There are 2 protein chains.
Amino acid sequence: MQSFTEENYLKTIYNLASKQQGEVSTNALAEMTATKAASVTDMLRKLADKELIHYKKYQGVRLTEEGERLALQIIRRHRLWEVFLVQKLGFGWDEVHDMAEELEHIRSEELVVRLDTFLGHPQFDPHGDPIPTPTGQMPEMGYRKLSDAEAGEAVCLRAVMEHSTEFLQHLNHSSLTLGSIVTVSEINAFDKSVLVQIGNDRTVFVSYEVAKNLLVS
Amino acid sequence: MQSFTEENYLKTIYNLASKQQGEVSTNALAEMTATKAASVTDMLRKLADKELIHYKKYQGVRLTEEGERLALQIIRRHRLWEVFLVQKLGFGWDEVHDMAEELEHIRSEELVVRLDTFLGHPQFDPHGDPIPTPTGQMPEMGYRKLSDAEAGEAVCLRAVMEHSTEFLQHLNHSSLTLGSIVTVSEINAFDKSVLVQIGNDRTVFVSYEVAKNLLVS
DNA sequence: CTAAAAATTTAGGCTGGCCTAAATTTTTAT
DNA sequence: ATAAAAATTTAGGCCAGCCTAAATTTTTAG
């Protein structure tokens, strides 16, 4: 049985690893967990002793199979609770992260099973992220970034890569909603910003910074 | 802001205080929190420093107004989550205590407000305990114990005073359900056990130990 | 290729919440 | 009234998870 803190490290290692290739660095973990590198090193020794990570000094870190299984279990819980908070309690997608961060640690297999059923076995959380299966598989979505689309293309907004309140509220203001079909009408050659058309009437300016964090298909 | 552990002490002090008059003892707290008396003393000093309890050495402990407000807030959360687990997720009333024990510590005012609305502003939890109001009032129910009823009386089962899985499962087996009207048909003079009639056909034996933990009106 | 910079680990220390053993206070029984 | 028993507190210590400062290793720049 892992502590709250150990679970957070596993989840964070998974999330960082999925954004790059190779090992995850101590510093990156320190930044994500809002602690210092020395504290991370302590915890890595502990997780390595429990065989939840592969760890060689100075060489970064990688989850073991068991570590990945646990990480995916925690991410599954997190995403299911986010669905609950948005769909059942009516929170905005920009409000639920911190609460889900706490709810994900509630220790009960049965609770997750029943929550999943109650929610109708959702496939995606409110940010478009796929919900890992009960057996610990992360569905591969094969989305592209909006910033990689070509002018003239019509694409569907599928997910966000950035979960901060500020980013999500910015999308709210721009009427950029998951599930919308948008047409890329113009790509600025200088700053790579994008003009997209939503429906027939509305044209929205999307900066490169934003477009890089929007996944489409 | 209180720690998880501090919240548990406040809740436990409230619960013990409501079952007796006067101050709550260190030993009683040690038993309820499954720790040792010395550890309780440590925590009492801390809570007294924060002015959440009135505490004089060797004299037992009592909540301050602020302490009681916090305790009732935690109890409110606990009972709302129990309603959620039973009514929305379909858990049995004998299965939800430990999960609610964790859920009650999730830190979000807004979450409690929305959960309450989602559940339709319930007045009682699945064990018949009243849910404290948002402003921190504990509704007074004025129930009696079944063990205090007289032969011939018809009473309604309202709540249980013991929340252990074993006790609740025993009630399940005996078809003693909250809301049922039962008639006390006989009180054994020797062991104070009770025979109650449920509906027209069924007669159930209720030991004094059980009758003492059933509240009726 | 090497020296400086960056990243990481080690050493030693802190706090919260727990423990045991010993000391102290209160209660109970004679 | 007082001695024994029970309850409580104090003293000192442990572990998890964090910290800073110093030491070490790796990476990078010239």
Side-chain angles (χ1 to χ4, degrees), chain A residues 1-13 16-17 19-63 67 70-71 74 98 101-102 104-105 107, chain B residues 1-13 16-17 19-63 67 70-71 74 98 101-102 104-105 107:
Chain A
M1 190 95 308
Q2 293 66 233
S3 72
F4 191 103
T5 309
E6 286 168 336
E7 289 190 353
N8 281 333
Y9 271 88
L10 292 176
K11 185 187 59 171
T12 306
I13 293 167
L16 286 173
K19 283 187 191 150
Q20 43 162 80
Q21 70 273 55
E23 330 318 283
V24 172
S25 78
T26 301
N27 266 1
L29 279 167
E31 187 183 341
M32 290 291 287
T33 56
T35 63
K36 297 304 165 85
S39 310
V40 172
T41 302
D42 286 347
M43 180 58 80
L44 294 185
R45 274 204 337 99
K46 203 162 111 185
L47 293 174
D49 286 349
K50 294 192 176 185
E51 300 191 6
L52 298 175
I53 58 174
H54 295 292
Y55 172 57
K56 287 210 200 75
K57 288 204 294 191
Y58 298 100
Q59 305 302 316
V61 75
R62 190 161 49 79
L63 292 173
L70 289 170
I74 296 153
D98 292 350
E101 205 75 5
E102 300 189 47
E104 74 192 7
H105 299 290
R107 277 161 218 295
Chain B
M1 188 97 307
Q2 293 66 232
S3 72
F4 191 102
T5 309
E6 287 168 334
E7 290 191 351
N8 279 334
Y9 271 87
L10 292 176
K11 184 187 59 172
T12 306
I13 292 167
L16 285 173
K19 283 186 192 153
Q20 42 162 79
Q21 70 273 55
E23 334 312 288
V24 173
S25 77
T26 301
N27 265 1
L29 279 167
E31 188 183 339
M32 289 292 287
T33 56
T35 63
K36 297 306 166 84
S39 309
V40 172
T41 302
D42 286 348
M43 181 57 80
L44 294 185
R45 272 202 341 96
K46 204 161 111 185
L47 293 175
D49 286 350
K50 295 192 177 184
E51 301 190 4
L52 299 174
I53 59 174
H54 295 293
Y55 172 55
K56 287 210 201 75
K57 287 204 296 191
Y58 298 101
Q59 304 302 314
V61 75
R62 189 162 50 81
L63 292 173
L70 289 170
I74 298 153
D98 291 351
E101 206 74 5
E102 299 189 48
E104 72 191 8
H105 299 290
R107 276 162 219 293

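Every value quoted in this text rests on a predicted model; they were computed, and no experiment measured them. Throughout, a chain's letter reflects where its sequence line sits, starting with A, and its residues are numbered from 1.
Considering all non-hydrogen atoms of both residues, A:Tyr55 and A:Ala48 come closest at CB-CB, 4.0 Å. Heavy atoms only, all atoms of each residue included: B:Asn27 and B:Ala37 are closest at OD1-CB, 3.7 Å. Heavy-atom minimum distance, A:Leu63 versus A:Ala71: CD1-CB, 4.0 Å.
Proximity of B:Thr26 to the phosphate of D:dT9: a side-chain N or O atom is located under 4.0 Å from OP1 or OP2. At the phosphate of D:dT26, OP1 or OP2 sits under 4.0 Å from a side-chain N or O atom of A:Gln59. One finds no side-chain N or O of B:Tyr9 lying less than 4.0 angstrom from the OP1 or OP2 phosphate oxygen of C:dG16.
The interatomic distance linking B:Leu44 (CG) with D:dT8 (C1') rounds to 10 Å, in whole Å. Atom-to-atom, NZ of A:Lys50 to C1' of D:dA16 comes out at 10 Å; the value is rounded to the nearest Å. We find that CZ of B:Arg45 is positioned 15 Å from C1' of C:dC18, with the value rounded to whole Å. Between A:Glu7 atom CD and D:dA16 atom P the separation is 16 Å, expressed in whole Å. The interatomic distance linking A:Tyr58 (OH) with C:dA6 (C1') rounds to 12 Å, in whole Å. In this structure, CG of B:Asn27 is placed 14 Å from C1' of C:dT25, rounded to the nearest angstrom. With rounding to whole Å, B:Lys56 atom NZ is found 17 Å from D:dT9 atom C1'. Distance B:Glu23 CD to D:dT8 C1': 15 Å, rounded to the nearest Å.
For A:Thr35, the listed nucleotide lying nearest its side chain is D:dC19; candidates were D:dT10, D:dC19, D:dT8. Of the listed nucleotides (D:dC19, C:dT26, D:dT26), D:dC19 has the atom at the smallest distance from the side chain of A:Ser39. For B:Thr41, the listed nucleotide lying nearest its side chain is D:dT9; candidates were D:dA7, C:dT8, D:dT9.
If you check every strand for non-hydrogen atoms under 4.0 Å, B:Thr5 touches sugar and phosphate atoms only. Residue contacts shown for B:Asp42 include a base, since a base heavy atom lies under 4.0 Å away. B:Phe4 comes within contact range of no nucleotide atom at all, as no heavy-atom separation falls under 4.0 Å.
Looking at heavy atoms from C-beta onward, A:Thr26 lies out of side-chain contact with A:Met43 at the 4.5 angstrom threshold.
Nearest-nucleotide positions on DNA chain D place A:Lys36 closer to the 5' end than the other of A:Lys36 and A:Lys57. Where B:Met43 and B:Ala38 each meet DNA chain C at their nearest nucleotide, the meeting point lying more 5' is that of B:Met43.
For C:dA23, the paired nucleotide is D:dT8, the pair qualifying as Watson-Crick or G-U wobble because both relevant distances are below 3.5 Å.
Side-chain N or O atoms of A:Gln2 include none that pairs as donor or acceptor with a backbone N or O of A:Thr5 at under 3.5 Å.
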